[in-house]
Amino acid sequence: MTGEHFDVLIVGAGLSGIGAACRLRTRCPGSSFAVLEARDDLGGTWDLFRYPGVRSDSEMFTLSYSFRPWTHAAAIAGGRTILTYIRDTAREFAVDRRIRFGHKVRSAAWSSAEARWTLEIEAGPARRPLQLTCGFLIISAGYYSYKGGYRPEFAGIERFGGRLVDPQRWTDDIDFVGKQVLVIGSGATAVTIVPALARRAAHVVMLQRSPTYVIERASRDAIADTLRAALPERLAFRIARWINIAVGAAFYRFCRRFPRAARWLLLARARDALGSSVEATKHFAPRYAPWDQRLCLTPDGDLFRALRSGRASIVTDTIANFTETGVALASGETIEADIAVAATGLELQPLGGIRLSVDGADMAPGETTVFKGAMLSGVPNLVFVFGYTAAAWTLKADLVSLYACRLINRLKRSGFRQCAPRASDPAMAKRPLVDFSSSAYRRAAEKLPKQGTGGPWASRQSYWRDILTLRFAPLQSGGLRFSDPGPATPARRNPTTGAPHRPSAAR
Ligand SMILES: Cc1cc2nc3c(=O)[nH]c(=O)nc-3n(C[C@H](O)[C@H](O)[C@H](O)COP(=O)(O)OP(=O)(O)OC[C@H]3O[C@@H](n4cnc5c(N)ncnc54)[C@H](O)[C@@H]3O)c2cc1C
């Protein structure tokens, strides 16, 4: 155990953590910081997931960082390309040397008297206990458990003679060439992996309990390509990024406002792409409205093409039980399989599974309310990243990082030692943080922080609104209080104006 202290610690060296580190370097140049990463490499999601065909389902002009142009030809990019982009960004901004790999953060305890977080960490392969402290904590640890995906109870699984695979733990020795493959699931992973496997497997069956909306788009962005041919790289990227933000937001609004029209459009496109070979209404017409759950993307219609070609097929039914050679379905049908891929979703986990406490009191994330989608009620000097679910994750992650930089600079300038959001109305109604109806979010609803119903306590899927609240709204607006409960500091100043301030317990 040692007691190294930093101004800021960032948990997680994925897309969000590296982005936050780059922002800290440029916006808070005087602050000491380190990035604590549980794994032995950076990239998070884009290093962990290695199944065939793994790719983004957002276009990269918005999933990449606003401060580092996406210059690759593909707008929908493969996992390895995204990983290289994150790695190159970390190197370019010299934040790679600030990462401490093999540092898993177990708990974080805030002390108001000391105005610091104390982190309990397991370091290295021997899980050596280590303590680090910091004045401000940024948790960018993603939103799901790295231990493995969610797996429902499969009756009779012990009888299955084939191989059952978790796509989160895909390894190179999984030989699917010439094999009968069963992919169980209807989410983004299933939609991605089915066409990729179908290229070399004997046949792939996608087995779903219920349909999902699948939307087709080109893997290259024609407007961005034209802009890039005519304009300097950075300018072309900026324009392409804003066009994609606007188009994505407009499409989301259209779907929420006119769900019947949106449903009709999505189905018409699927029907058109599938022809008479596949019953679109049976397999691609969910019971819910578009964006009640995340839409799945098929770049260049690869899933539709695989189904149309007969290399893959789709079945909407429920597994009764596994057999020695495959699965028996509720309808009485059977599917033979050498390999079964359980694309049954992620195990959601807030805040990297870190146990939080404030002045000795445990703070279960599920009992807190988010403030501006970036802080937690009653938790000082902590910002966490939870990106958009209906737009690219990075758009929100970057706004949250910039907000953290504003807070860190303000704390430093004002001399106040802590800032925490507090709800003035304890009876405020609460809603789930993500109001998706998908089973992954329903299962995790208790564990995830809640959102309120209005003002800074409501978490909306609106980039424009978040720009205003996180980048430009006064920091002290709507419930964020700067205070100094510990020993007096000589240089305390008004957090808004920076003018010298007379001490008070809290504001
Ligand atoms: C296959 C897949 C495809 C996706 N595609 C898209 C997409 O196209 N568009 C989109 O918007 N979103 C997408 N997402 C969501 C995606 O996770 C985010 O876009 C983004 O990569 C999240 O980055 P992150 O850094 O916040 O989290 P992660 O990538 O999950 O990284 C978190 C990091 O924190 C580390 N960590 C976690 N807990 C601890 C701890 N206690 N101590 C230390 N370190 C810890 C992890 O090891 C990891 O390196 C996808 C998700 C998956 C699984």
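Numbers for residues simply follow the sequence, beginning at 1. Whatever order the structure lists them in is the order used to number ligands and atoms, beginning at 1. In what follows, every heavy atom counts, from backbone to side chain, and hydrogens, waters and symmetry copies are set aside.
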According to ring pair (Phe, Tyr, Trp, His ring centres under 6.0 Å), does anything in residues 73-94 pair up with another residue at least two apart or in another chain? List the pairs.
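Checked against ring pair (Phe, Tyr, Trp, His ring centres under 6.0 Å) - neighbours excluded - the pairs reaching residues 73-94 are Tyr65-Tyr85, Phe67-Phe93, Trp70-Tyr85.
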Do Arg263 and Tyr213 have a side chain donor and acceptor closer than 3.5 Å?
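Side chains of Arg263 and Tyr213: pair found under 3.5 Å.
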According to the side chain to side chain donor-acceptor pair (under 3.5 Å) rule, which pairs have a member within residues 350-376, sequence neighbours left out?
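Only Ser112-Asp359 qualify under side chain to side chain donor-acceptor pair (under 3.5 Å).
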Using a 6.0 Å cut-off, check whether atom CZ of Arg200 has over 12 heavy atoms from anything other than its own residue.
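Not more than 12 within 6.0 Å, no.
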Set of side-chain contact (heavy atoms from CB on, under 4.5 Å) partners for Ala38, sequence neighbours left out
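Counting only residues at least two positions away or on another chain, Ala38 forms a side-chain contact (heavy atoms from CB on, under 4.5 Å) with Lys104.
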Tell me if the centroids of the rings in Trp393 and Trp46 come within less than 6.0 Å of each other.
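No, too far apart.
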Who's touching ligand 1 if we go heavy atoms under 4.0 Å?
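Residues near ligand 1: Val11, Gly12, Gly14, Leu15, Ser16, Leu36, Glu37, Ala38, Arg39, Gly44, Thr45, Trp46, Phe49, Tyr51, Ser56, Asp57, Ser58, Leu63, His103, Lys104, Val105, Ser140, Ala141, Gly142, Tyr143, Tyr144, Tyr146, Arg294, Gly352, Ile354, Ala391, Ala392, Trp393.
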